[in-house]
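Single-structure report; data block below.
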Amino acid sequence: MVEPVYALIDCNSFYASCERVFRPDLQRTPIVVLSNNDGCVIARSADAKPFVKMGALFHEIRGDLKRHGIVAFSSNYVLYGDMSERVMSILEARFPSTEIYSIDEAFADMTGLPEPLESIGRQVQAEVKQKTGIPVGIGIATTKTLAKLANAAAKRWQKQTGGVVDIRDPVRRDKLLKAMPVEEVWGVGPRMRAHLEGMQIRTAWDLAQMDAWTLRKRFNVVVEKTVRELRGVACLEIESEIEPKQEICSSRSFGKRLRELPPIQEAVTSYAMRAAEKLRNQQSLCRRVRVSLRTGMFNPAEVKYANGILCQLPYPTDDSRLIIKAVQAGLKQVFREGFSYAKAQVLLLDLCHKNEYTPDLFAPEQPVKTERLMSALDAINNRWGRGTLQPGRIAKPAEWAMRRELLSPAYTTRWPELMVAKAR
DNA sequence: TCTGGGGTCCTAGGACCC
DNA sequence: TCTGGGGTCCTAGGACCC
């Protein structure tokens with residue numbers, strides 16, 4: 001029996017790296033990327049990290065950025081999504097099986113590949129860099145949790161490791177476990193860290209020494225599995241199948257506070273459109289929708305209100321019109337006069353596969369002509385860009401639209417925004 | 001003025017059944 | 001003195017992830 005080997009490949013400062021690929025002039029300039037509405041910092045290039053905290057408010061640090069010569073970008077998810085696909089397709093070609101874990105991370109199965117695995121790692125790293133311009137780090141170990149930790153080590157000691165770390169050797173593994181604070185372990189968040197602190201568990205090593213069963217009784221099975229994985233017992237496997245989502249969410253903060261119902265109705269309609277698009281994209285129908293609305297939650301001076309409501313649909317459907325109708329009815333119920341609203345959310349729940357659900361004998365079903373209409377809608381929006389066809393009530397430019405003052409071009413997805421190179 | 005958006009899994013507790 | 005017990009399904013909420 002061959003021992004399983006897992007790799008975790010992770011793009012360094014992914015959003016910042018994407019921006020940098022298309023701005024060679026910023027090769028040596030620190031970069032930060034901002035959240036939607038240019039609210040706070042969500043990504044930093046390595047050279048920006050010493051100067052900018054994660055989550056720092058843009059309006060508060062504008063001066064600091066300027067002083068340190070740091071360049072800020074609004075987030076450009078179209079660009080990052082496209083770059084991610086390019087990176088992932090290289091990994092998929094290089095490894096027998098992969099699991100795309102997030103926009104910038106993937107697990108890969110390295111079981112049985114020819115030694116030394118570390119040099120395979122370095123080859124993949126070089127290939128991704130050469131073909132996409134994105135730097136990646138790679139952690140190699142006998143479980144997914146350990147591979148994540150090895151990857152964290154590759155990042156932490158970038159200079160010494162060149163970004164590839166193999167900790168299959170128990171001596172190296174234990175050395176790393178002792179060096180890593182427990183909150184670096186995958187699955188240990190702030191709450192768990194606090195609990196563990198109270199039990200004198202401070203490093204990954206301390207956690208690995210605990211009795212798994214005791215932790216399961218005290219907390220839950222997730223912690224139990226984490227402990228076993230840290231000890232090298234694989235409890236988690238590579239999940240290459242892309243399972244359809246069990247819930248679909250479209251939620252966004254408004255570009256400014258909204259007090260009146262009509263612009264909120266517009267925003268919610270457009271969120272519902274987007275959610276329904278995702279729903280059809282994975283061939284699902286939904287039976288219920290939740291719409292929720294809230295004021296700002298952070299500013300103590302603001303009067304707070306948050307409310308949401310579940311709406312039943314007449315039958316399992318992927319019809320944007322029905323979903324919008326349900327959501328609008330719900331919105332009227334949760335909306336109250338007199339508040340400054342900051343954010344709304346549309347959540348599609350109770351999803352089932354289009355062809356795999358058993359219709360209720362007496363309940364109505366989605367008519368066939370709806371399918372044709374929705375496919376036409378999706379085809380047009382795919383070809384000409386999202387929002388080409390949308391309900392007439394959505395005004396442009398929208399009052400509630402996101403603030404993105406520092407947005408980079410859609411370099412890879414719109415012909416007019418392609419980079420231009422000139423020979424001298 | 002100003003703090004992202006989109007998910008998953010697990011557990012506890014209530015409703016309901018026999 | 002003294003609540004039946006065990007199972008399933010559903011929902012809300014917590015914790016975590018990137």
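Below, chain A is the first sequence line, B the second, and so on; all start at residue 1. Computation of the quantities below employed the complete heavy-atom set of this structure, encompassing side-chain atoms and omitting hydrogens, waters and symmetry-equivalent molecules.
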Partners of [X] by side-chain hydrogen bond (donor to acceptor under 3.5 Å, both in side chains), sequence neighbours excluded?
X	answer
A/Arg67	A/Asp64
A/Asn220	none
A/Thr226	none
A/Ser102	A/Asp104

Please report, to 0.1 Å, the donor-acceptor pairs under 3.5 Å made by any side chain of residues 296-306 of chain A, with sequence neighbours excluded.
from     : atom 1 : to       : atom 2 : distance (Å)
A/Asn299 : OD1    : A/Ala301 : N      : 2.9
A/Glu302 : OE1    : A/Arg257 : NE     : 3.0
A/Glu302 : OE1    : A/Gly296 : N      : 3.4
A/Glu302 : OE2    : A/Arg257 : NH2    : 2.9
A/Lys304 : NZ     : A/Asn299 : O      : 3.2
A/Lys304 : NZ     : A/Glu302 : O      : 3.4
A/Tyr305 : OH     : A/Asn307 : ND2    : 3.1
A/Tyr305 : OH     : A/Val334 : O      : 2.4

Chain A on DNA chain B: first and last contacting nucleotide, 5' to 3', under 4.0 Å to a heavy atom?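 Nucleotide range with atoms under 4.0 Å of chain A: B/dC2 to B/dT11.
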Does anything in residues 177-197 of chain A come within less than 4.0 Å of DNA chain C? Heavy atoms only, and list the residues if so.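 Here the set is A/Val185, A/Trp186, A/Gly187, A/Val188, A/Gly189, A/Pro190, A/Arg191, A/Met192.
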Report the C-alpha distance between A/Arg404 and A/Ser75 in whole Å, list the side-chain angles of each, state the deciding distance to 0.1 Å, and finish with yes or no for side chain to side chain donor-acceptor pair (under 3.5 Å). CA-CA 8 Å; A/Arg404 293 200 290 187; A/Ser75 38; over 6 Å; no
Residues in salt bridge (charged side-chain N to carboxylate O under 4.0 Å, His left out) contact with A/Arg252, at least two apart in sequence or another chain: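 With sequence neighbours excluded, A/Arg252 shows a salt bridge (charged side-chain N to carboxylate O under 4.0 Å, His left out) to no residue whatsoever.
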Salt-bridge criterion met for A/Glu118 and A/Arg122 (N-O under 4.0 Å): yes
Could A/Lys178 and A/Asp174 be called an ion pair, given the rule that one side-chain N must be under 4.0 Å from one carboxylate O?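 Salt bridge flag = no for A/Asp174 with A/Lys178.
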Neighbour count above 12 (heavy atom, 6.0 Å) for A/Arg336 CZ: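 Counting other residues, nucleotides and ligands, CZ of A/Arg336 exceeds 12 neighbours.
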Around atom NZ of A/Lys325, are there more than 12 heavy atoms from other residues, nucleotides or ligands closer than 6.0 Å?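 12 or below, so no.
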Got a sec? Which of residues 55-84 of chain A come in under 4.0 Å of DNA chain B, heavy atoms? A/Leu57, A/His59, A/Tyr77
Which parts of residues 217-250 of chain A get close to DNA chain B, meaning a heavy atom less than 4.0 angstrom away?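 Close to the strand are A/Asn220, A/Val221, A/Val222, A/Lys245, A/Gln246, A/Glu247, A/Ile248, A/Cys249, A/Ser250.
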With sugar-phosphate meaning primed atoms plus P, OP1 and OP2, does [X] contact a base, only sugar-phosphate, or nothing at under 4.0 Å between heavy atoms?
X	result
A/Lys343	sugar-phosphate
A/Arg274	nothing
A/Asp38	nothing
A/Asn299	sugar-phosphate

What ring pair (Phe, Tyr, Trp, His ring centres under 6.0 Å) pairs are there with at least one residue in residues 203-238 of chain A, not counting sequence neighbours? A/His195-A/Phe219
Provide the distance between the two C1' atoms, one in C/dC17 and one in B/dG4, to the nearest whole Å. 14 Å
If you write DNA chain B from 5' to 3' in dot-bracket form, with Watson-Crick or G-U pairs under 3.5 Å, [ ] for crossing pairs and | for pairs with another strand, what do you get? ....||||||||||||||
Answer with yes or no after comparing the ring centroid distance for A/Tyr80 and A/Tyr15 against a 6.0 Å cut-off, counting only values under it.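 So the answer is yes for these two rings.
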Of the non-hydrogen atoms in A/Trp186 and A/Lys148, which two are nearest, and what is the gap between them? CD1-CE, 3.5 Å
Below 30° counts as parallel, above 60° as perpendicular, anything between as tilted: where do the rings of A/Phe107 and A/Tyr101 land? perpendicular
